[in-house]
Amino acid sequence: MDKAALIYDRSCPLCRGAAEWIRQNALPDTIELVPCQSDERKERFPQITEAACVAALQLVLPGGSIHAGEQAFPHLFRRLRRWRWLAQAIELPGVSALSPLVYRWVARHRQALSGMLPSARGGPHKRED
């Protein structure tokens with residue numbers, strides 16, 4: 001499986017946390033993380049505006065197709081260890097009908113949700129075993 005590029009909002013603590021979780025759980029050489037605000041994104045993916053990638057995560061597949069927000073999840077989960085099954089589950093009719101609503105709600109409230117993260121309260125950034 002070739003690498004997909006996940007473009008995320010570096011200014012959002014929730015987005016940074018999600019990107020780090022994805023990095024930790026990705027199958028080897030399947031996902032690269034590209035901050036929305038980076039020069040790399042501007043050079044490699046000029047067709048994706050900063051407004052678009054701040055509004056929703058963007059996943060650029062090896063063939064060049066771009067999937068935004070909840071549309072990226074099936075492609076993304078196929079690239080994660082122990083989460084590949086979720087790619088099929090979120091494509092089921094009932095789940096696929098709700099996923100845009102859930103994604104938009106989380107996206108609208110992400111700054112408030114970020115404040116609930118342990119790292120935002122000065123706690124640990126990641127769990128230590």
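Evaluation of the salt bridge (Lys or Arg N to Asp or Glu O under 4.0 Å) rule for Arg41 yields Glu50 as partners, not counting sequence neighbours. Applying the side-chain contact (heavy atoms from CB on, under 4.5 Å) test to Ala19 and every residue at least two apart in sequence or in another chain returns Tyr8, Leu33. Taking the side-chain contact (heavy atoms from CB on, under 4.5 Å) definition, one finds that Gln47 meets it with Phe45, Ile66, sequence neighbours left out.
Contact record, Ala56 with Gly69: CB-N, 3.8 Å, taken as the closest heavy-atom pair. Here the closest non-hydrogen pair linking Ile7 and Cys36 is CG2-CA, 3.8 Å.
Under the 4.5 Å side-chain heavy-atom criterion for grouping Ile, Leu, Val, Met, Phe, Trp and Tyr, Val34 is not connected to Leu61 through any hydrophobic cluster. A continuous path of hydrophobic side-chain contacts links Phe73 to Leu6 [ILVMFWY only; heavy atoms under 4.5 Å].
Note that CG of Leu80 is 7.0 Å distant from OG1 of Thr30, once rounded to the nearest 0.5 Å. In this structure, CG in Leu27 is found 9.0 Å from CZ in Arg79, a value given to the nearest 0.5 Å. Note that CD1 of Ile31 and CG of Leu59 are 7.0 Å apart. Values are rounded to the nearest 0.5 Å. To the nearest 0.5 Å, atoms CZ (Arg23) and CD (Glu32) are separated by 14.0 Å. Rounded to the nearest 0.5 angstrom, Ile22 CD1 and Leu57 CG are separated by 7.0 Å. From Gln71, atom CD reaches atom OG of Ser65 across 11.5 Å, with rounding to the nearest 0.5 Å.
For residues 52-68, no pair satisfies salt bridge (Lys or Arg N to Asp or Glu O under 4.0 Å), with sequence neighbours left out. For residues 16-35, every residue pair satisfying the ring-ring contact (aromatic ring centres under 6.0 Å, His included) rule, not counting sequence neighbours, is listed here: Trp21-Trp83.
Between the side chain of Arg10 and the backbone N or O of Cys15 there is no donor-acceptor pair closer than 3.5 Å. In this structure, the side chain of Gln58 engages the main chain of Ala52 through a donor-acceptor pair within 3.5 Å.
Applying the side-chain hydrogen bond (donor to acceptor under 3.5 Å, both in side chains) test between Asn25 and each of Glu20, Arg81, Arg82 identifies Arg82 as the sole match.
With contacts defined as side-chain heavy-atom distances shorter than 4.5 Å, the pair Ile48/Val60 qualifies.
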